[in-house]
Q: 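Sharing a structure, written as structure tokens. Questions coming.
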Amino acid sequence: MSLRTQSVEETRDLGEALAALLWPGDVVVLAGDLGTGKTALAQGIGRGLGIAEAIVSPSFVIVREYAGRISLVHVDVYRLDFVQELHDLGFEEVLDEERVTLIEWGDRVTGLLPEERLEVTLRAAEGPATRDIEWVALGPAWLERSDALAKALSPWALPGDGGRSC
Amino acid sequence: MDTATPQVGVALGSEHGLVAQIRLAQGRRHAEQLAPAIEYLLREAQAQPSDLAAIAVGVGPGLFTGLRVGVTTAKVMAQALEIPVVPVPSLDLVAYPVRFTARVIAAVCDARRGEVFYSVYRTVPGGVQRAGEYRVGAPGEVAAELVATGEDLLLVGDGISAHRQMFEDELDRAEFASTSFAYPSPSALVELACSRYRREDFVRASEVQPLYLRKSDAEIAWGPDRAGHEGAP
């Protein structure tokens, strides 16, 4: 389903709306080039999960953890070269059932991810702060929620896009 | 000490055997609990760190988060006290306490992500002998492999509890050890490590390596969107 935001703040709002549908144990992949707003989306999701602490890019430390209504693990694989580096970080345990996990550039390491996940892709569109955002729900628990998700994100739906039937 | 599972296990032994042990199984609290547990154990046993002759540590295979706390603590203590380390695989510490059986023992620990760490043991006088490698795999595959051995089995470990129904269905003749035996036994660590220490079968702190079974040679598929670290912010 195609969505569009016109500013960083709008991308955050979209993240906050998305967060309302997240359950502990969910894995969300954030894909998109540098500067397309993956971290802004993560900040909105953090706000929606009731995280008081400021969410900053995890690029440098790879993994950041936050406590909230639902706790959050924010991962960025951008600085890694080898899958082994993720094993060495205990990646299998980073993904746990009690927290939501966001993985920036997670589309590059799908072999390590659970089949059940939400993939959100951001793309720069015309206009300096305009972003086209698409999401794909994978696995039964996400398919179950895709109608609710489409509804929650409808304020940003592109005109004429009827949404994706799953 | 052993922290390869959700349990924090600490024990103190002397030449006469086990002196004291602590087992805390709350999960995810290794970093908070290990050092205080060691301190408490030594204090109540009226021992000083300088009384220690060696540090024994469970080196997995196990959960990374816990394992690195135990292995690091063991290395640092051994280095500071200038004493050797006796590394002992954590699955051995699961198998050893249930050795009073004629069955073949399968020690199976939860590896998360739908996988288990496992190894198979035969009982021998005074202990157990490993009959295969330490491995990681999907529980269904492990069960099929165990069925194929045709052996009478005793299954033990928190990997069994995590997938109990499946193991029961696949292995209808197997016995299952109770959950009291699910985690690596600190007293087993004392027993196994003491006999190794007597044989001078120990290593320097710097030589201790945890057993990580998850290995990959794969490179992450970066395209022109990330031209190496130089381009990274």
Side-chain angles (χ1 to χ4, degrees), chain A residues 25 27 29-36 38-39 56-63 65 67 71 73 75-99 101 103-117 121-124 139, chain B residues 3-7 26-32 59-72 109-117 135-139 158-159 161-163 209-233:
Chain A
V27 172
V29 166
L30 303 178
D33 286 339
L34 291 175
T36 47
K38 296 186 294 297
T39 299
V56 296
S57 167
S59 299
F60 185 64
V61 293
I62 318 294
V63 179
E65 299 176 300
S71 293
V73 188
V75 183
D76 188 349
V77 303
Y78 188 74
R79 290 178 60 248
L80 304 181
D81 295 309
F82 294 96
V83 168
Q84 186 62 41
E85 294 175 274
L86 280 168
H87 291 314
D88 291 346
L89 283 166
F91 189 68
E92 292 76 13
E93 292 154 55
V94 164
L95 308 171
D96 87 42
E97 287 147 26
E98 289 158 25
R99 313 184 283 188
T101 306
I103 308 172
E104 298 198 20
W105 297 95
D107 53 319
R108 306 307 162 95
V109 293
T110 50
L112 273 76
L113 301 182
E115 287 168 22
E116 188 111 356
R117 61 181 187 261
T121 306
L122 300 98
R123 283 187 194 83
Chain B
T3 54
T5 65
Q7 172 191 265
Q26 291 175 298
R28 283 200 174 276
R29 299 195 56 199
H30 302 86
E32 296 156 60
V59 289
L63 297 176
F64 189 92
T65 321
L67 194 52
R68 59 182 162 188
V69 174
V71 170
T72 307
C109 283
D110 189 4
R112 305 283 163 83
R113 295 278 285 114
E115 291 187 315
V116 291
F117 300 116
R135 293 167 67 185
V136 61
D158 72 333
S161 332
H163 308 278
Q209 291 288 344
L211 282 168
Y212 293 145
L213 299 184
R214 286 185 172 117
K215 291 282 174 208
S216 165
D217 297 327
E219 288 188 40
I220 297 175
W222 295 110
D225 48 9
R226 204 214 68 167
H229 282 306
E230 299 78 33

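On a predicted model such as this, the values are computed, not experimentally measured, just so you know. All chains are named by letter (A, B, ...) in the order of the sequence lines, taking the proteins before the strands, and each is independently numbered beginning at 1.
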Q: Quick check for you: among A:F60, A:W105, A:F91, which has the greatest number of heavy-atom pairs under 4.5 Å with chain B?
A: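 Going by pairs under 4.5 Å, I would pick A:W105.
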Q: If only atom types and distance count, is the side chain of B:W222 paired as donor or acceptor with the main-chain N or O of A:L80 below 3.5 Å?
A: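 Yes, B:W222 side chain to A:L80 backbone: donor-acceptor pair under 3.5 Å.
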Q: Heavy-atom pairs under 4.5 Å with chain A - which of B:K215, B:R214, B:R112 has more of them than the others?
A: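 Of the options given, most contacts go to B:R214.
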Q: Heavy-atom pairs under 4.5 Å with chain A are the metric here; pick the option from B:A111, B:A221, B:G114 that has the most.
A: B:A221
Q: Quick one: of A:D33, A:D88, A:L86, A:V109, who has the most non-hydrogen atom pairs under 4.5 Å with chain B?
A: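 Sorted descending by pairs with chain B, the first entry is A:D88.
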Q: Can you list the residues that meet the ring-ring contact (aromatic ring centres under 6.0 Å, His included) rule with B:F64, with sequence neighbours excluded?
A: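 By the ring-ring contact (aromatic ring centres under 6.0 Å, His included) rule, B:F64 matches B:Y212.
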Q: Is a side-chain N or O of B:R113 found less than 3.5 angstrom from the main chain of A:L112, in a donor-acceptor match?
A: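 Judged by distance alone, yes, a pair lies under 3.5 Å.
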Q: Identify the two heavy atoms, one from B:I220 and one from A:R108, that lie closest to each other, and give their separation to 0.1 Å.
A: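 Here B:I220 and A:R108 meet closest at CG2-CB, 3.7 Å.
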Q: Is the backbone of B:S216 close enough, under 3.5 Å, to the side chain of A:Q84 for a donor and an acceptor to pair up by distance?
A: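 Yes, the answer is positive, given that a donor and an acceptor are paired below the 3.5 Å cut-off.
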Q: Side chain, backbone, both or neither: which part of A:V94 has a non-hydrogen atom closer than 4.5 Å to chain B?
A: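 Looking at A:V94, nothing touches chain B.
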